[in-house]
S.K.: 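This structure is in structure tokens; I'll ask about it shortly.
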Amino acid sequence: MNVLQVGKFYDPYRGGMETVLKNLCEGIHSSVGLHLLVANTSSHTVHERQTFPITRVGSYGTLYSSSLTPSFAAWLRKLPGDIVHLHMPNPVAEMSYLMVAQGRPLVAHFHSDIVRQKSLLRAYAPLLEAFYARASCIIVPTPNHINASPFVSRFRNKCRLVPYGISLEKFNLTETMAKKAEALRNGCSIILFIGRMVYYKGLEYLIQAMSDLPAQLWIIGTGPMEASLKQQTMQLHLQDKVKFLGDVPDEDIPAYYHACDIFALPSVANSEMFGMVQLEAAACRKPVVSTSLPTGVSTVNQHGVTGLLVPPGDAQALAASLKQLLDSYSLRQEMGEAGRSRVEAEFTSARMAAGILEIYRSLNN
């Protein structure tokens with residue numbers, strides 16, 4: 001069986017969808033004939049051979065977060081695949097499939113709707129309806145993904161639940177990892193955030209919450225809001241508490257999880273549909289404070305079990321929950337262990353790969 005995986009970008013490009021795609025491809029490549037089709041970050045189309053072939057289609061920039069890849073449809077037609085597995089939202093790829101590849105079974109993998117660009121959504125909606133109508137099945141990582149999407153919910157009879165998964169080995173506390181984490185600590189309690197500095201992450205509320213907390217906030221990542229968030233930090237006189245660490249090499253990320261006391265994901269909009277970083281923090285036995293969005297975020301982090309949930313955009317509630325955990329080592333340990341156990345049981349890359357392969361087999365019969 002040959003499968004053409006279609007994504008927006010691929011490693012080393014960072015993002016939640018890209019993390020899922022990487023974990024999935026690494027999990028299934030030995031069981032199927034796999035080819036990956038994504039956009040490049042330059043105007044050149046390149047072909048790579050890792051453990052499976054990758055085609056990165058030349059892009060001439062982005063418009064509404066979609067790559068301008070005029071030859072994408074041609075490559076989608078040309079590349080092999082008994083099944084097309086397309087990760088979305090990805091308007092260019094979805095349009096390309098409807099133009100040139102409708103003869104092949106389609107697996108639509110729903111990660112998120114387009115939330116902020118309302119004008120684009122009005123034009124995009126008919127394409128999306130046609131795409132979902134054509135799909136043999138729609139994969140969702142949590143039941144909340146169905147209910148949170150006005151489009152996917154109309155096709156709930158096509159939906160198949162396959163939770164995202166991560167590689168636990170990467171986050172195990174080995175002796176080397178423990179030394180790296182210890183070298184990062186500075187004697188302060190540490191709250192960690194990892195992600196892009198974009199509007200829906202709600203970082204301004206987390207920074208505001210730090211005013212009354214006896215801890216440091218470490219922010220890993222970059223993005224369009226970086227300058228305004230640094231300005232906010234200065235205006236609140238929090239330079240000693242809030243540390244902007246920029247991009248950190250992927251291989252060093254687990255050490256930062258192990259070095260921290262609490263992981264925070266203060267997202268404020270449904271653009272945050274899951275929060276893979278919650279799984280990574282839980283795999284490192286860290287409690288998570290995140291928000292009660294009606295998406296997969298509140299499914300992954302179980303309130304009172306693996307961490308705490310607070311209302312989106314509420315800095316005071318965020319500060320109170322973080323302080324509750326900072327004040328109780330035993331509660332942090334209890335929730336951290338519960339998080340690790342849950343990831344081991346429900347959110348491994350092996351489990352995700354098995355669920356996807358089962359769907360492929362059902363389509364290929």
Side-chain angles (χ1 to χ4, degrees), residues 1-11 13 15 17-18 20-22 24-112 114 120 123-139 151-152 155 158 160 356-357 359-365:
M1 183 194 325
N2 292 315
V3 176
L4 179 60
Q5 288 278 339
V6 183
K8 292 181 76 171
F9 299 101
Y10 191 67
D11 185 63
Y13 186 94
M17 188 190 302
E18 287 71 31
V20 174
L21 184 57
K22 185 173 190 287
L24 177 58
C25 288
E26 290 177 349
I28 67 172
H29 74 87
S30 60
S31 301
V32 297
L34 180 64
H35 199 116
L36 175 62
L37 176 64
V38 294
N40 202 356
T41 52
S42 75
S43 60
H44 302 289
T45 294
V46 298
H47 305 279
E48 302 172 11
R49 179 80 203 195
Q50 298 185 10
T51 49
F52 51 88
I54 302 172
T55 298
R56 301 182 193 258
V57 180
S59 172
Y60 295 89
T62 59
L63 181 65
Y64 294 111
S65 300
S66 294
S67 294
L68 300 175
T69 48
S71 64
F72 203 92
W75 285 109
L76 184 55
R77 182 198 301 117
K78 187 182 302 184
L79 294 176
D82 305 308
I83 294 170
V84 175
H85 183 160
L86 198 151
H87 298 260
M88 50 197 303
N90 194 344
V92 170
E94 293 151 22
M95 185 180 300
S96 296
Y97 175 85
L98 292 173
M99 288 168 55
V100 304
Q102 290 196 54
R104 292 187 274 181
L106 170 65
V107 173
H109 205 141
F110 174 66
H111 296 267
S112 174
I114 291 176
L120 173 63
Y124 177 46
L127 168 67
L128 203 53
E129 292 276 358
F131 184 80
Y132 282 135
R134 182 64 188 81
S136 299
C137 77
I138 303 168
I139 296 174
F151 299 99
V152 175
F155 296 91
K158 290 188 175 188
R160 299 280 294 274
I356 297 295
L357 289 171
I359 288 172
Y360 292 166
R361 285 189 288 268
S362 71
L363 297 178
N364 210 40
N365 288 337

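Everything numeric in this text was worked out from a predicted model, so none of it was measured.
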S.K.: Can you name the closest pair of heavy atoms from T45 and G58 and give their distance?
M.R.: OG1-N, 2.8 Å
S.K.: Please lay out, stage by stage, how E26 and T51 fare under the test side chain to side chain contact (heavy atoms under 4.5 Å, CB included).
M.R.: CA-CA 8 Å; E26 290 177 349; T51 49; 5.6 Å; no
S.K.: With sequence neighbours left out, write down each residue that passes salt bridge (Lys or Arg N to Asp or Glu O under 4.0 Å) with R56, or none if nothing qualifies.
M.R.: E48
S.K.: Would you say that F131 contacts L106 through its side chain, given a criterion of any heavy-atom pair below 4.5 Å between the two side chains?
M.R.: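 The answer is yes, as the side chains (C-beta and beyond) meet within the 4.5 Å cut-off.
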S.K.: At their closest point, which heavy atom of C25 faces which heavy atom of Q5, and how far apart are they?
M.R.: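 So the two residues come closest at SG-CG, 4.1 Å.
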S.K.: Which distance, rounded to the nearest 0.5 Å, do you find between the CG of L24 and the CD1 of I139?
M.R.: 8.0 Å
S.K.: Looking at L76 and R104, what are the two nearest heavy atoms and their distance?
M.R.: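 What the structure gives for the nearest pair is O-NH2, 2.5 Å.
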S.K.: Would you call the rings of H87 and H109 parallel, tilted or perpendicular if under 30° counts as parallel and over 60° as perpendicular?
M.R.: parallel
S.K.: For the pair H85 and I356, evaluate side chain to side chain contact (heavy atoms under 4.5 Å, CB included) and give the outcome as yes or no after the intermediate values.
M.R.: CA-CA 10 Å; H85 183 160; I356 297 295; 4.0 Å; yes
S.K.: Nearest 0.5 angstrom please: E94 CD to L86 CG, how far?
M.R.: 6.0 Å
S.K.: Taking all atoms of both residues into account, what is the closest heavy-atom pair of C137 and I359, and its distance?
M.R.: SG-CG2, 3.6 Å
S.K.: M17 versus P89: any side-chain heavy-atom pair under 4.5 Å?
M.R.: yes
S.K.: Which atom pair, heavy atoms only, marks the closest approach of F9 to N40?
M.R.: CE2-O, 3.8 Å
S.K.: State, yes or no, whether a side-chain contact exists between Y13 and K8 at a heavy-atom distance under 4.5 Å.
M.R.: no
S.K.: Check side chain to side chain donor-acceptor pair (under 3.5 Å) between H35 and all other residues, then give those that pass, not counting sequence neighbours.
M.R.: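 For H35 the side chain to side chain donor-acceptor pair (under 3.5 Å) partners, ignoring immediate neighbours, are T55.
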S.K.: Does atom NE2 of H47 have more than 12 heavy-atom neighbours, drawn from other residues, nucleotides or ligands, at distances under 6.0 Å?
M.R.: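 Yes.
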S.K.: Flag the pair E18 and K22 as a salt bridge only when some basic side-chain nitrogen lies within less than 4.0 angstrom of an acidic carboxylate oxygen.
M.R.: no
S.K.: Provide the closest heavy-atom pair for L21 versus G7 in the form atom of the first, atom of the second, distance.
M.R.: CD2-CA, 4.0 Å
S.K.: Compare all side-chain heavy atoms of R160 with those of S362 and state whether any distance is below 4.5 angstrom.
M.R.: yes
S.K.: Return the CG to CG distance between L363 and D82, rounded to the nearest 0.5 Å.
M.R.: 11.0 Å
S.K.: Could you give the distance from CG (L4) to CH2 (W75), rounded to the nearest 0.5 Å?
M.R.: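 Between atom CG of L4 and atom CH2 of W75 there are 12.0 Å.
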S.K.: In Å, rounded to the nearest 0.5 Å, how long is the span from CE of M88 to CZ of F151?
M.R.: 9.5 Å
